[in-house]
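The first residue of the sequence shown is numbered 1, and numbering continues consecutively from there.
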Amino acid sequence: MDSKKISGVEPTINSSMNNESEFMDFREKKNKKKGLITGLVVIFIILLLVIFTLFFIKNNYNAEKFLDKTTTNLNNRLNKFIDTIDLTNIIKTEGPTETTGKIKFETNSIELRDLNNIALEYNASTDYKNKYLDYDLTLTQGEKASINLGFSVDNERLYLRSKDLTDKEYYMDMASDTNEQLSNIEELMTSLSEITNKDNIKYIIKSYLNSFNKALKESIVSTKYNGLNVTYTYEINDLNKEKINNIFINSIKNDKKLMDLFKYSEEDLNNMKESFDNCKIELTINMLNNNLKEFKFTIDDNTYYGEKLSDSKIKVTVPNDSNYLEIEYDDNKIGFTYYEDNKSTDQIILESTNDFIKVNYSYDSVTFDLDLSDKALKANLKKEGLTANADFKFESNSKQTTTGTIAINVNGDNIKLIINNSINYKDKITKKDANGATNFANISNEEITSIMSKCYEKLQEFDVLNLINNLAGSLSKNETNIDTIF
């Protein structure tokens, strides 16, 4: 009976074992299938990443895109630099003006002692739009010497007067194109005022950069990938040069605001037609950080190589030449240093701070520093045997005032110019009454003699006359010596 029970169990055990085996086979097949699908998904994702990466690189790392980004970055940097200073606080030329000022000369030089304390005081009214100018000048030296001279330009006539020399006013007719010349001056002043406006400067830079961008894209442009580096090439040759120049000119020509600011004529535009000449530019960029690695620039059979030394420094060399140029830059500064035999010989640095534009220049034994803002100017020049300093302050409210000094030392001799100038901007200038003026052509001999005599008496009060007489005597003596020699 036991044997029957055992034998009866055997089919059940065998069946269970078979089911378990089939389940294991199914599970193994399922795992293999699942592993295959997972592998395919991973491969597919990798392919997508590769395709996306290649697509991204192709669309973001190409010569055209690089040119666009460079144009934008350069424009932004220049805008930041321009925001440092507002030139309209220093240079303002619009509308009628009344100007008063004084320039005084001081020195301890023995050779120039006769010029010490000489000064020019002036009052000026200008209205170029209405073709009117008036100047009243007084030359003084110390307390004892003074001579006055005034003149006006109105309706193509020159009016002359001097309270020290005559009680009359004289006039003479000027050239028929005088009004045209004054109109040209007014146009120049207006243009200068517009061009020095901060917003207009930004517009001019942006317009020229965009015009340059459009033109350069018509050169032979290529992109070459090499690992993590990419090289952009722009080439201008005889086949595309004319087209590139025409695109550049037409871009400027079609910019109405730019044309109005510079008043470009057809002749001016024609003179720009050689803006682009045959050349080849090759730039190698690291795609990981988008930084310049090296560049090569070829023009007129000369090739210049640039190598990135650090994040802020580039070295420029020429084959078979030990001399080289280093360019150092950041967001606020750019500097150029030239080396001969590994020694710095020339250097210029341009830097902008919150309030100042700074310029530093050095060459051999010469150094020059300039700090300029819309409120002040400081400059220093040093050379062997010579130092010069300028220090000015600018104020702009109802009047535009400039005060300061220029000091020069030459081998121990000091020379100083003291300058004070104030400009008052007016809506209208009141012309001086010139009724009763005498035509200079009708002046009598007696009047001429009287004016000359008073002029001589006035000039005798000036020490500077001694300097003039001494110079005249020296010249006369030299002429005598020359006559004796020949």
Side-chain angles (χ1 to χ4, degrees), residues 99-124 135-151 160 162-165 346 359-372 376-394 401-422 451-486:
T99 304
T100 60
K102 182 178 180 179
I103 302 173
K104 186 179 180 182
F105 181 91
E106 294 181 350
T107 182
N108 67 346
S109 169
I110 296 175
E111 289 81 3
L112 299 175
R113 63 181 178 273
D114 293 325
L115 285 173
N116 189 38
N117 289 325
I118 195 164
L120 177 66
E121 299 177 20
Y122 53 87
N123 294 281
Y135 286 84
D136 192 81
L137 310 173
T138 302
L139 188 68
T140 64
Q141 189 168 27
E143 299 292 333
K144 60 180 182 178
S146 173
I147 186 169
N148 171 266
L149 174 66
F151 67 90
L160 298 171
S162 174
K163 61 185 179 183
D164 291 326
L165 306 180
D346 301 75
V359 179
N360 304 102
Y361 173 74
S362 62
Y363 172 72
D364 287 343
S365 60
V366 179
T367 60
F368 173 75
D369 302 315
L370 171 68
D371 291 356
L372 176 64
L377 178 150
K378 292 184 178 182
N380 300 286
L381 173 67
K382 291 183 180 180
K383 189 186 176 195
E384 187 176 353
L386 169 68
T387 61
N389 305 287
D391 191 350
F392 287 91
K393 292 182 179 179
F394 311 115
T401 305
T402 301
T403 58
T405 60
I406 299 174
I408 302 172
N409 183 290
V410 183
N411 295 322
D413 290 337
N414 294 315
I415 298 170
K416 182 186 284 188
L417 280 177
I418 303 169
I419 300 171
N420 293 281
N421 188 76
S422 180
I451 291 171
M452 294 292 289
S453 177
K454 290 180 179 179
C455 183
Y456 181 75
E457 288 177 7
K458 279 290 182 181
L459 291 177
Q460 287 293 320
E461 299 171 353
F462 287 84
D463 294 335
V464 69
L465 194 65
N466 298 327
L467 180 64
I468 295 173
N469 289 333
N470 291 335
L471 288 173
S474 298
L475 290 173
S476 177
K477 184 177 180 181
N478 289 336
E479 287 177 2
T480 304
N481 291 338
I482 292 172
D483 291 339
T484 304
I485 292 172
F486 287 96

Exercise. Please examine the side chains of Ile406 and Phe392, heavy atoms only from C-beta on, and report whether any two atoms are closer than 4.5 Å.
Key: yes
Self-check item: Minimum heavy-atom distance between Ile419 and Ile103, given as atom pair plus value
Solution: CG1-CG2, 4.3 Å
Exercise. Taking all heavy atoms of Ile408 and all of Ala388, pick out the closest pair and write down the distance.
Key: CG1-CB, 4.1 Å
Quiz item: With Tyr361, which residues qualify under side-chain contact (heavy atoms from CB on, under 4.5 Å), at least two apart?
Solution: Asp346, Ile348, Tyr363, Phe368
Quiz prompt | Taking every non-hydrogen atom, the tightest pair across Leu372 and Phe394 | solution = CD1-CE1, 4.4 Å
Quiz item: To the nearest 0.5 Å, what is the distance between CG (Asp369) and NZ (Lys382)?
Solution: 8.0 Å
Quiz item: Should we count NZ of Lys416 as having more than 12 external heavy atoms under 6.0 Å?
Solution: no
Exercise. Could you check if a side-chain atom of Val464 sits within less than 4.5 angstrom of a side-chain atom of Leu459, using non-hydrogen atoms only?
Key: no
Self-check item: Audit row: Thr138, Asn148, side chain to side chain donor-acceptor pair (under 3.5 Å) steps and yes/no
Solution: CA-CA 4 Å; Thr138 302; Asn148 171 266; 3.2 Å; yes
Practice problem: Examine distances only and state if a side-chain atom of Gln141 and a backbone atom of Asp114 form a donor-acceptor pair shorter than 3.5 Å. | Solution: yes
Quiz item: Crowded around Gln460 CD? As in, over 12 foreign heavy atoms under 6.0 Å?
Solution: yes
Exercise. State, to 0.1 Å, how close Asp413 and Ser109 come at their nearest heavy-atom pair, and which atoms those are.
Key: OD2-OG, 3.7 Å
Quiz item: Among Leu417, Ile415, Asn117, Ile118, which residue meets the side chain to side chain contact (heavy atoms under 4.5 Å, CB included) test with Glu106?
Solution: Asn117
Quiz item: From Glu457 CD over to Ile147 CD1, what is the distance, rounded to the nearest 0.5 angstrom?
Solution: 10.5 Å
Quiz item: Can you name the closest pair of heavy atoms from Ser422 and Thr401 and give their distance?
Solution: OG-OG1, 3.8 Å
Quiz item: Just how far is it from atom CD of Glu121 to atom NZ of Lys104, taken to the nearest 0.5 Å?
Solution: 10.0 Å
Quiz item: Roughly how far, to the nearest 0.5 Å, is the CG atom of Asn409 from the CG atom of Asn411?
Solution: 8.0 Å
Quiz item: Can you find a pair of side-chain heavy atoms, one from Val366 and one from Leu381, that are under 4.5 Å apart?
Solution: yes
Practice problem: Could you point out which residue of Thr99, Leu139, Asp136 forms a side chain to side chain contact (heavy atoms under 4.5 Å, CB included) with Tyr122? | Solution: Thr99
Quiz item: What distance separates Leu165 CG from Leu149 CG, expressed to the nearest 0.5 Å?
Solution: 7.5 Å
Self-check item: Under-4.0 Å salt bridge between Lys144 and Asp463
Solution: yes
Quiz prompt | Thr107 side, atom OG1; Asn414 side, atom CG - distance, nearest 0.5 Å | solution = 7.0 Å
Quiz prompt | Atom of Ala119, atom of Lys102 and distance for their closest heavy-atom approach | solution = CB-CE, 3.8 Å
